[in-house]
Amino acid sequence: MTPELKVLAVDGGAGTGKSTTARNLAFRKNFLHVDTGSHYRSLTKHLLDAGVSASDTDEYLNLNKLELSTEVMDRSARLLVNGISYPSESLRALEINSAVSSFASLPSVRKHLFEYQRSQVEVARKEKLNGIVMEGRDIGTVIFPDAHLKVFLTADTSIREERRQLDGENDQIVQRDSIDSTRKIAPLVPAPGSLIIDTGELSVDAVIEEIEKYL
Ligand code: DC
């Protein structure tokens, strides 16, 4: 019998520390790290490059023609769109920060990523890892509602903005969070039964320790 893989869902708004937390946990537990924000960013980049805007019709988005695949490096999964993996810097540019929430509100875009994201468990299995830690906005509510552990991170807006500035990023996080939390499909809300952690006053190690207590 194949051993059961642990699934850990980490959700929260922009700048709450999801990536740092998820990456660290993946390293410590030998899990696959999957950043679903980068999936939405990659599709946004692909569509903007193709001259498509979020107000275009589904027919125009032509999502069915997109081939999604995965490459894994150092326990981290990256999405390839038609064989292309976009560099992180291009995915965190102002143009993408400004458009990604609008594209992520489209049911067709979310539907297109749903199966792909769930299939990452099989990637973790093939890589012979112990589990998967997936970060995003709807991992505990929609993608893996049966995750072994669901974590929801929060932090004060001023702290989150400060973190973004330290990263040197131009990002309207309040505006993005507002679109992400109020959209009709898969809004940013804590999944029932989530472990809620305010990362504002905690060190990365303290956040990780808290999560490990429950894993
Ligand atoms: O985690 P991030 O800031 O890189 O995510 C970028 C955007 O992608 C975010 O503003 C909303 C969207 N997103 C989403 O709708 N659902 C997810 N599971 C992850 C991200």
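Just follow the structure's listing: the first ligand is 1, and inside any ligand the first atom is 1.
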N or O contact, Asp180 vs ligand 1, cut-off under 3.5 Å: yes
Check: Ser101 N/O within less than 3.5 Å of ligand 1 N/O: yes
[atom] [closest protein heavy-atom partner, distance rounded to 0.1 Å]:
atom	answer
atom 19 (C) of ligand 1	Thr36 OG1, 3.3 Å
atom 6 (C) of ligand 1	Arg176 NH1, 3.3 Å
atom 18 (N) of ligand 1	Asp138 OD1, 2.8 Å
atom 8 (O) of ligand 1	Tyr40 CB, 3.5 Å

Side chain to side chain contact (heavy atoms under 4.5 Å, CB included), paired with Glu71, selected from Leu80, Val123, Leu79: Leu80
Distance filter under 4.0 Å to Ala104 heavy atoms, resulting ligand 1 atoms: 12 (C), 15 (O)
Distance (rounded to the nearest 0.5 Å) between Glu135 CD and His33 NE2: 3.5 Å
Euclidean distance, Leu8 CG relative to Phe144 CZ, rounded to 0.5 Å: 11.0 Å
Shortest heavy-atom approach to atom 15 (O) of ligand 1 - which of Arg41, Arg137, Arg92, Arg110: Arg110
Residues, nucleotides or ligands: over 12 heavy atoms within 6.0 Å of Glu162 CD: no
Exceeds 12 heavy-atom contacts within 6.0 angstrom, atom CZ of Phe27: no
Contact check, Arg183 vs ligand 1, heavy-atom distance below 4.0 Å: yes
Minimum heavy-atom distance between Ala14 and Arg160, given as atom pair plus value: O-NH1, 2.6 Å
Ala14 and ligand 1 - part of the residue with a heavy-atom distance under 4.0 Å: neither
Distance-only polar pair, side chains of Arg163 and Thr199, donor-acceptor under 3.5 Å: yes
